[in-house]
Amino acid sequence: MLTSAKVRKANQASARQLLQCASEGLNTTHHIRVLLSTELGQADRDSIWTLFETNMFVLYSQSSFGWNPSSKQDELFHSLSRFILIDIDGKLAAFSTFRFEVEEDENVIYCYDLQIQSAYRRKGLGKMLMQILEKIGAAWGMEKVMLTVFKANQNAIKFYRTAGFTEDESCPGYVEEGDDPNTVEDVDYKILSKKLSSRISSSRP
């Protein structure tokens, strides 16, 4: 796996340091937690997996990836995964999983998952998670936020577009001026990204 000095430094950040970046300027009464994968207790792991499975089982089952719980759990709870958890009334309402990585020679904060309980959708939690991701990414010198989304998940694509994401150049099927659209790879997902500005967060590690 490619890495860089900035990504290595970000991967050494404690959950407390990440939470400090996330909390700056955040106006909410919700309980926000940031945890490293290795710090998750079994109750949190179970809640995270249950929410992911509830939201994504059908999409994965109908995709080219297929539904493979073991493989997805390995990815979700990877040692380099970090979690932003939003608790409401003592229960997990939403979460995002991210990692610091190098993609196409750029330092990025990669959003692997963003999941919200159905009862709490359209209440600003997705926007809040994205704002936190951007704050953390900017504070640790990442150049952009990246994510992968199924083409079939039109609600998610609309949400990300509204949040300022566009199709990344690394996305299969990305067509530049002069390219022949008939030669691009046809896949059932998109890779989206959003450039980060260091002005997003004044917190510096």
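If you're wondering where the values come from, they're calculated on a predicted model, not measured in any experiment.
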### Message
Using a 6.0 Å cut-off, check whether atom NZ of Lys6 has over 12 heavy atoms from anything other than its own residue.
### Response
no

### Task
Check the surroundings of atom CG in Asp74: do more than 12 heavy atoms from other residues, nucleotides or ligands lie under 6.0 Å from it?
yes

### Query
Do Lys194 and Glu134 come within less than 4.5 Å of each other through their side chains, counting heavy atoms only?
yes

### Query
Do the non-hydrogen side-chain atoms of Lys190 and Tyr160 ever get within less than 4.5 Å of each other?
no

### Task
For the residue pair Ile116 and Ile86, establish whether any side-chain heavy-atom pair is separated by less than 4.5 Å.
no

### Task
Taking the side chain as every heavy atom from C-beta outward, state whether Leu85 and His31 have any pair of such atoms under 4.5 Å apart.
no

### Task
Would you tell me whether Asp113 and Thr97 have side-chain atoms, one donor and one acceptor, within less than 3.5 Å of each other?
no

## Note on the structure
Heavy-atom nearest pair, Asp44 first then Leu40, reads CB-CD2, 3.9 Å

### Task
Report the C-alpha distance between Gln117 and Ile88 in whole Å, list the side-chain angles of each, state the deciding distance to 0.1 Å, and finish with yes or no for side-chain contact (heavy atoms from CB on, under 4.5 Å).
CA-CA 11 Å; Gln117 296 276 10; Ile88 298 178; over 6 Å; no

### Summary
Between Glu104 and Ser170 the two heavy atoms that sit nearest each other are CG-CB, 4.0 Å

#### Entry: Where Tyr120 and Ala93 come nearest, the two heavy atoms and their spacing
CD1-CB, 3.6 Å

### Query
Of all heavy-atom pairs between Ala94 and Leu51, which one has the smallest distance, and what is that distance?
CA-CD2, 4.3 Å

### Task
Name the orientation class of the two ring planes belonging to Phe95 and Phe83 (parallel below 30°, tilted from 30 to 60°, perpendicular beyond 60°).
tilted

### Task
Check for a donor-acceptor pair, side chain of Ser63 on one end and backbone N or O of Tyr60 on the other, with a separation under 3.5 Å.
yes

### Query
Is a side-chain N or O of Gln115 found less than 3.5 angstrom from the main chain of Ile48, in a donor-acceptor match?
no

### Query
Would you say the side chain of Glu106 lies within less than 4.5 Å of the side chain of Ser193, judging by non-hydrogen atoms?
no

### Summary
When Ser79, Ser81, Cys111 are each screened for side chain to side chain contact (heavy atoms under 4.5 Å, CB included) with Arg99, the one that passes is Ser81

### Message
I want to check something: taking the side chain as every heavy atom from C-beta on, are Val145 and Val108 in contact at a cut-off of under 4.5 Å?
### Response
no

### Query
In terms of the angle between their ring planes, are Phe100 and Trp140 parallel, tilted or perpendicular, with boundaries placed at 30° and 60°?
tilted

### Task
Mark yes or no for whether Arg121, through its side chain, and Ala119, through its backbone, hold a donor-acceptor pair below 3.5 Å.
no

### Message
Just so I know, are the side chains of Leu192 and Arg161 near enough to count as touching, which here means a heavy-atom distance under 4.5 Å?
### Response
yes

### Message
Less than 4.5 Å apart, side chain to side chain, heavy atoms only: is that true for Asp168 and Lys144?
### Response
yes

### Task
Name all residues meeting the salt bridge (charged side-chain N to carboxylate O under 4.0 Å, His left out) criterion together with Glu39; count only those two or more places apart in sequence or in a different chain, and write none if there are none.
none

### Query
So, does Ser61 use its side chain to make a donor-acceptor pair with the main chain of Trp67 at under 3.5 Å?
no

### From Ile191, Leu147, Ile157, residue fulfilling side chain to side chain contact (heavy atoms under 4.5 Å, CB included) relative to Phe165
Leu147

### Message
For a side-chain contact (heavy atoms from CB on, under 4.5 Å) check, start with the C-alpha distance between Gln62 and Phe150, then their side-chain angles and the critical distance, and finish with the verdict.
### Response
CA-CA 10 Å; Gln62 297 175 349; Phe150 287 124; over 6 Å; no

